Each structure stands twice: as structure tokens, then as C-alpha cells.
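What you see is a predicted model; the values in this text were computed from it and never measured.
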Amino acid sequence: MRIAEYVSHDAVGLAELVAAGEVSPAEVEAVAREAAQAVDPLINAIVETWPTDDRPEPGSAPLAGVPFLIKDIGVTMAGRRMELGSRLAAGHVARADSFLMRRFRRAGLVTFGRTATPELAYGITTEPAFHGPTRNPWDPGRSAGGSSGGAAAAVAAGVVPVAHGTDAAGSLRIPAARTGLFALKSTRGRVSVGPDADEVLGGLAVQGCVSRTVRDSAVLLDAVRGPEPGDPYFAAEPPRPYAEEVTRDPGRLRIGVLGQPWGGRRTTAPVADALARTVALLESLGHRVTEAEVELGVDWEEFVLANARQWTAHLTATVDGLAAAFDRPVDLSTLEPATLAGYRYGQRITGAEFVTALAVRNRVARSLARSFAAYDVLLTPTLPELPAPLGTPVRGAEALDGFGWLRGLFDHAPFSAAFNVAGTPAMSVPVTVDAATGLPVGAQFAAGFGREGLLFRLAGQLEQASPWAGRTPRVWAGNAAGSAPVGSAL
């Protein structure tokens, strides 16, 4: 198999070739490694690769023989390093597979490396001091987003068709929007985060993936969803596999549009234009699309403050645990300025303030539930601006306290976090590109609790109506097989 053929298939397609005996898992893995060697020097998405010991029987699982990458946080693989993008955790080796890793193996995935994350996944651009900046394959001078930026850059550049990521405030959807991919943040409790945790960031964070096709995300979610022993709660099982939803008609939906973000930030003209084209497409498909007033239930400052308290309290506990485990100091020799500022802010959070933050979570969830009673789906831009130049969200971090840093992140990405707080599913779909630059623009669709099936039906319809599979970025592994260069020098 040549790279040009490899990148023409999604994960489901590759698994079908393996099941039919047209190519072996070892051959597919070899091509994936070749693709990584061709493009990763240009995008810096992969922290490490390793020899694989998984040998799935062809056809034995839905994704048997498909090459895969895991994020350097959120999932553990026995005997492999997980360093959380931080000098504080450098050298950490996982002792056992997490529940999710076991399910990845049962799905037949062949995991051969890990992808970059900002330090402790604490950011919306992947530029850790530990590993250096991950670059956007569409324009290597721009950010691939975060915190699953390494995963998104690797998938967008054709290294693998699907990769693991996490999402606590948009960390799947933001990089997907910046790199032209599909990503769905599932309902709280859909995928187990055990056994080392019962929930992450008080239920804000979920496990998931980024992919080039909708069906790959659906098939992988089918493979990993469901409770594990000891989980404190779980989302009810769907009535049918998500893979079947992708080809089902969503019907005529009531879609409410929120074009301007909470908090007073204005959506930029290129993104507003892309949103208008998305609305026109939805209307042409028969959906009833109207402007919506979507109330958060709290004002924006209270929303950001509650998130800051919840994030930094958990961050402080994590940092203290790592420092004790590795006998390392908590200072600028081990943490980046923004992380250290968040740690110090978290040290000052009282128990009463933390409980108040949880009360805000409840108010936001109840308020958004009222919107989902009026609309089947809510539509927003995933981000209010085009992919940002490298360094944009981290510039000036040294001068900010922990709250100021997080307020800046929420200003750059104001649309996504509300659905983490409410625990409801939301997806970023690469429906359009910017007419002037050709850069991808993501549209975010959100639905009520447990309604991933509805989102997959709508995503499948949009993928058919406005296909994005033919769009490839400037840095693309498929170019390695022909006369065109893989990517431009940086």
C-alpha cells in the first residue's frame, strides 16, 4: 500500500481492506509510520512513536488493523510514557491500561504513538515548552488549536484517519475547527474515564476523537461508550448504534442560531460569512432555521469565574500530586507561567467557592435545557475567528494571574465551554472554508442531553450535501507519493 492510497481511506475503509485480506495490519501500520515521518517534521504533532504489540485478527473488530494515536493525557497505555505535555511529569510511565485504552484495543486499533497537548491540557493552542509548538497543516504559521491540537494536526495531515482526544471546554471541537476535521463531544457519562478517576474536572471533561469522516467518529464512539464497574453515573445507552445514525434522515429540524458569543466578543466577518453560508445550506435541506436567544442562566463574568474556580482547584490538586510523585518543585523550572499562575490561583479557592461553582454548573444546565425544549439543535460558530497565528493566546502570559489567563482563553473560544458545563453533546463540522484564505471554518451544533444520535444524523446529512473529504491542507501526507512536495519549508 502506498501513502496515496492510504490517505484516500478513512478508518472504516482501512478496516474493510484489512478484513478482505487486501492489505495486512502490518502493511497499514508501516504506511502510517511513513506518513508520520513525511509530515511530522513540518507540524510537530507527535511526541513519540513506539513499536506495537497489538496484532488484531483481520475482521475481528470494527476497526481491526487501523493505525491510531493517543493524546499525551487522559488515557494510559501500560508500559508507555504519558507526560501530560509537562516537564513536571517528564518520564512518567503508565503501569496499566485505562478502561478507555482497553476499549481501543478491543476495537482493533493499533496504537503506535502519542500526540502533543498543551501543558496539562491547560490551553486552546498546543504550544508546550516541553515539546514545542504544533503547527496547523493548513498554514504552519498558525495554531492547530488545543488542547487536542497534536491529534488534530496528525489527522488533518493524513498520518492517521482518526485519533484520540479529550474535551473539557472545546478541546476536541476547537482544533477540529482549525484543521478542517469533524469532532463530537459526547454527553457527560457516555465514556468512562476510569479507573483512576470517576470524573475529570468535575464532569466538564470527556474522552473522544477527531476524524476526517463522520462515520469514523460514530464507529469509534460505539466501540468505547458504556459504563465500567465503579462509574458513579452513566448516560443511557442509545436506541441504536451511532454508526447507523450517520445514514439516517434527520428529518426537518428546528435549528436555533446564536451568531454572536456570550460575553460581548464579536464574531469576525469571515466567520459570520461562513455561518451565513451554513444557514443557507441547512435551509436548502429543509430545516427551519431561526435566530435564537440562548440564555446561559448566569452572566458571562460569573460563568467564567465559576469555570476558573473549578479548573484551577483541580489543577492545583493535580500539580501537587505530580510534584509529590516525582519529587520535583512547583516553580518555573517545571511549569509554564500560565500553568503556575493557575496553580497559585487554585490554591486560594475555598471550599465554599468551589461549591458555588458547582451551583453555577447546575444553573447553566437548566437554562440550556430550556433552549433545547424550543429547538432540536443549536448552531454557533465553533470559534469567532479564523485559526490564530502561533503564539496568540499565550503572548503576555507572564503578566497574567490565573483568572486573567482563563478569561483570555474564554474570550478566544466563547462558544464551546457552555456545553461542557451542561454536559450535553456538541460537534464541530467543517461545512465551509473562508473564501479569502481557504482556511477551514467549523460550525458547532449542540443538542440536548443524550442526543448524540440526532447530531450524527445531521452531520451525515451535511457531509453528503457539502463534502469535505476532497479538501486537503498544505501539509498533506498524500503528497509524499507524487511529485508535489509534502509541505513547504517552515
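With respect to Glu48 and Arg81, a salt bridge is recorded, a charged nitrogen being found less than 4.0 Å from a carboxylate O. One finds no salt bridge joining Glu199 and Arg188 here, because no Lys/Arg side-chain nitrogen approaches an Asp/Glu carboxylate oxygen to under 4.0 Å. Between Glu452 and Lys185 no salt bridge is recorded (no basic side-chain N to carboxylate O distance below 4.0 Å).
A ring pair (Phe, Tyr, Trp, His ring centres under 6.0 Å) with Phe410 holds for exactly one of Trp405, Trp311, Trp262, Phe415; it is Trp311.
Applying the salt bridge (charged side-chain N to carboxylate O under 4.0 Å, His left out) test to Glu301 and every residue at least two apart in sequence or in another chain returns Arg407. In this structure, the side-chain hydrogen bond (donor to acceptor under 3.5 Å, both in side chains) partners of Asp273, at least two apart in sequence or on a different chain, are Arg277. For the side-chain hydrogen bond (donor to acceptor under 3.5 Å, both in side chains) test, residues two or more places apart in sequence or in another chain that qualify with Arg254 are Asp376. In terms of the ring pair (Phe, Tyr, Trp, His ring centres under 6.0 Å) criterion, Tyr375 has no residue partners (sequence neighbours excluded). By the side-chain hydrogen bond (donor to acceptor under 3.5 Å, both in side chains) test, Asn136 is found to be paired with no residue, residues two or more places apart in sequence or in another chain being considered. Listed by chain and residue number, nothing satisfies the ring pair (Phe, Tyr, Trp, His ring centres under 6.0 Å) test with His131 (two or more places apart in sequence, or in another chain). For Asp411, the salt bridge (charged side-chain N to carboxylate O under 4.0 Å, His left out) partners two or more places apart in sequence, or in a different chain, are Arg265. Scored by the side-chain hydrogen bond (donor to acceptor under 3.5 Å, both in side chains) test, Arg215 finds Asp10 as partners (sequence neighbours excluded). Under the ring pair (Phe, Tyr, Trp, His ring centres under 6.0 Å) criterion, Phe182 pairs with no residue at all, not counting sequence neighbours.
Annotation: the span from Leu322 atom CG to Leu84 atom CG amounts to 6.0 Å, rounded to 0.5 Å.
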Exercise for the section: Test salt bridge (Lys or Arg N to Asp or Glu O under 4.0 Å) on Arg363 and Glu302 and set out the steps. Expected result: CA-CA 11 Å; Arg363 288 159 64 189; Glu302 188 176 5; 3.1 Å; yes

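Aromatic pair Phe104/Phe68: centroids less than 6.0 angstrom apart.
When all heavy atoms of Gly146 and Thr126 are compared, the pair lying nearest together is CA-OG1, 3.7 Å. In this structure, Thr267 and Gln260 approach most closely via the heavy-atom pair N-OE1, 2.8 Å.
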Distance-only donor-acceptor hits, side chain of residues 423-430, under 3.5 Å, sequence neighbours excluded:
{"unit_1": "Ser428", "atom_1": "OG", "unit_2": "Thr382", "atom_2": "OG1", "d": "2.9"}

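Applying the salt bridge (Lys or Arg N to Asp or Glu O under 4.0 Å) rule to pairs touching residues 143-163 yields nothing, sequence neighbours excluded. A salt bridge (Lys or Arg N to Asp or Glu O under 4.0 Å) check over residues 141-169, counting only residues at least two apart or in different chains, returns the pairs Asp139-Arg142, Asp167-Arg173.
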